Amino acid sequence: MASVLTPVYIVLTMALAAFLILSFYYTLTDQGYRYNIGWLLQDTSPYMWANLGIGLGISLSVVGAAWGIFTTGSSILGGGVKAPRIRTKNLVSIIFCEAVAIYGIIMAIVISNQETVFNPQKWSEAERYQLSSQNHHAGYSMFGAGLTVGFSNLFCGICVGIVGSGAALADAQNSSLFVKILIVEIFGSAIGLFGVIISILQVTHAKMGDK
Amino acid sequence: MSMDLEHADSPPYSSFFGVMGVTFAMIFSALGASYGTAKAGTGISCISVVRPDLIMKSIIPVVMAGIIAIYGLVVAALISNDIKPKDYTLFKSFTHLGAGLSVGLCGLAAGVAIGMVGDAGVRGTSQQPRLFVGMILVLIFAEVLGLYGLIVALILSTKSG
């Protein structure tokens with residue numbers, strides 16, 4: 001009986017096989033020096049890293065918010081068939097999920113404010129190392145910041161959605177339970193906040209430019 | 001580009017690994033904490049219908065999952081204060097990557113364990129009150145796994161050289 005994960009296993013095995021075959025080919029034909037992570041990191045533009053970070057930051061946050069909203073929303077609407085009183089109170093759970101998307105957009109704007117144009121042709125020989133390090137550091141920091149806020153908000157949104165769904169269904173049975181299960185949701189939404197904090201810490205030291 | 005020997009141990013790309021350490025510390029701890037909160041949360045929602053008096057005691061697994069996220073936050077903040085734009089050696093960069101990975105992946109494992117134990121524990125405690133202490137004991141062992149990751153991360157991030 002083929003499981004639903006069989007295509008995942010097939011793709012992963014093929015990727016691993018391709019990687020192993022290529023590495024053996026390069027090693028055995030004396031071209032091992034071409035596998036050069038330092039060259040890859042240094043020759044890719046810091047703009048690429050920065051914008052990837054910004055894009056992933058906002059999009060993953062929104063995926064998390066959307067996942068949470070549909071999980072909670074479908075439970076509210078299903079439970080509301082027999083207990084329509086739960087409609088308005090449980091919108092609080094939906095707002096918790098939406099807050100995750102707001103964190104994402106705020107961080108995307110903050111990160112993109114740090115991004116400016118720099119021109120390596122204008123650098124003197126003495127300051128080349130310092131400016132090159134600084135701009136690369138800025139690019140990587142923005143990438144890391146975007147990834148941090150994006151993935152933290154993704155996981156937080158899914159978590160708050162699942163707990164909110166449980167809260168809605170418990171509320172439908174006994175209306176005094178909602179406020180107590182909201183405590184668990186608050187713990188869940190703290191996780192997204194931690195991601196925002198670390199993302200801000202990463203991006204405050206990022207300085208792109210010619211100075 | 002210029003390959004001067006003077007800056008050979010702190011090339012311009014060395015901050016990538018440190019930044020990835022900070023990122024992994026936060027992301028994987030967040031995943032573990034979210035899993036723990038969600039899984040224990042569904043257990044709490046289930047038992048709250050039949051035993052509303054047990055809800056406050058059952059929030060303990062959720063709190064412990066939140067602590068896992070705090071471990072990741074602490075290590076990420078500690079590492080990111082050490083990352084400098086220039087003269088950031090590859091030694092420090094890779095130790096920061098190792099620190100971030102250790103707290104992150106340990107936190108992920110601990111969070112998943114706390115979630116599953118919390119879910120089963122609250123469901124069992126609702127039917128058999130004597131199981132509460134047992135649930136706490138197992139949760140403590142699961143939490144300590146995240147602590148091990150934090151310890152190794154702190155050892156690595158305070159290495160100088």
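Being a predicted model, the structure only gives us computed values, none of them experimental. Residue numbers start from 1 in every chain, and the chains themselves are labelled A, B, ... in the order their sequence lines are given, proteins ahead of strands.
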Engineer: Could you tell me whether a side-chain N or O of B:Ser14 sits under 3.5 Å from a main-chain N or O of B:Leu90, the two making a donor and an acceptor?
Structural biologist: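 It does not hold such a pair.
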
Engineer: Can you tell which of B:Pro11, B:Gly72, B:Ser15, B:Ala77 has the highest number of heavy-atom pairs within less than 4.5 Å of chain A?
Structural biologist: B:Ser15

Engineer: Please identify, among A:Cys159, A:Ser165, A:Ser199, the residue contributing the most non-hydrogen atom pairs under 4.5 Å to chain B.
Structural biologist: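 Maximum pair count with chain B is reached by A:Cys159.
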
Engineer: Measure A:Gln130 against the heavy atoms of chain B and call it side chain, backbone, both or neither at under 4.5 Å.
Structural biologist: both

Engineer: Check whether B:Lys39 gets within reach of chain A through its side chain, its backbone, both or neither, counting any heavy atom under 4.5 Å.
Structural biologist: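 Neither part.
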
Engineer: A:Ile197, A:Ile198, A:Asn174: which one forms the most heavy-atom pairs within less than 4.5 Å of chain B?
Structural biologist: A:Ile198

Engineer: Walk me through it: do A:Phe155 and B:Phe28 pass the test ring pair (Phe, Tyr, Trp, His ring centres under 6.0 Å)?
Structural biologist: CA-CA 10 Å; A:Phe155 303 141; B:Phe28 290 126; 8.2 Å; no

Engineer: Pick whichever of B:Ser34, B:Ser45, B:Gly41 has the most heavy-atom pairs under 4.5 Å with chain A.
Structural biologist: B:Ser34

Engineer: Tell me, out of B:Pro85, B:Cys46, B:Ala25, B:Ala69, who's got the most heavy-atom pairs with chain A below 4.5 Å.
Structural biologist: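 Highest number of pairs under 4.5 Å: B:Pro85.
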
Engineer: Do you know which of A:Leu201, A:Ile162, A:Leu177 has the most heavy-atom pairs under 4.5 Å to chain B?
Structural biologist: A:Leu177

Engineer: Decide yes or no for A:Leu193 and A:Tyr103: does some side-chain heavy atom of the first lie under 4.5 Å from some side-chain heavy atom of the second?
Structural biologist: yes

Engineer: Heavy-atom cut-off 4.5 Å, strictly under: side chain, backbone, both or neither for A:Ala190 against chain B?
Structural biologist: neither

Engineer: Surrounding CH2 of A:Trp49 (heavy atoms of other residues, nucleotides or ligands, distance under 6.0 Å), is the total greater than 12?
Structural biologist: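 Buried by this count: over 12 neighbours within 6.0 Å.
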
Engineer: For the residue pair B:Tyr13 and B:Phe17, categorise the inter-ring angle as parallel (less than 30°), tilted (30 to 60°) or perpendicular (more than 60°).
Structural biologist: perpendicular

Engineer: Between A:Leu147 and chain B, which part of the residue has a heavy atom less than 4.5 Å away: side chain, backbone, both or neither?
Structural biologist: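 It is both, since atoms from each part get that close.
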
Engineer: Any chance the rings of B:Tyr88 and B:His96 have centres within less than 6.0 Å?
Structural biologist: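 Centroid separation for B:Tyr88 and B:His96: below 6.0 Å.
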
Engineer: Please rank B:Ala33, B:Ala38, B:Ser29 by heavy-atom pairs under 4.5 Å with chain A and give me the top one.
Structural biologist: B:Ala38

Engineer: Over 60° means perpendicular and under 30° means parallel, so tell me whether A:Tyr129 and B:His7 are parallel, tilted or perpendicular.
Structural biologist: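 A:Tyr129 vs B:His7 ring planes: parallel.
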
Engineer: With the side chain counted from C-beta on, respond yes when B:Val19 and A:Phe143 share a heavy-atom pair under 4.5 Å apart, and no when they do not.
Structural biologist: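 B:Val19 vs A:Phe143: side chains apart.
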
Engineer: What part of B:Leu31 lies closer than 4.5 angstrom to a heavy atom of chain A: side chain, backbone, both or neither?
Structural biologist: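 Answer is both: backbone and side chain atoms of B:Leu31 are under 4.5 Å from chain A.
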
Engineer: Among B:Asn81, B:Ile79, B:Ile59, B:Thr42, which has the most heavy-atom pairs under 4.5 Å with chain A?
Structural biologist: B:Ile59

Engineer: Quick check for you: among B:Ser10, B:Gly36, B:Ala40, which has the greatest number of heavy-atom pairs under 4.5 Å with chain A?
Structural biologist: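 The answer is B:Ser10.
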
Engineer: Looking only at atom types and distance, does a side-chain atom of A:Ser112 sit under 3.5 Å from a main-chain N or O of A:Ile109, one as donor and one as acceptor?
Structural biologist: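 Side chain of A:Ser112 to backbone of A:Ile109, a donor-acceptor pair under 3.5 Å: yes, one is there.
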
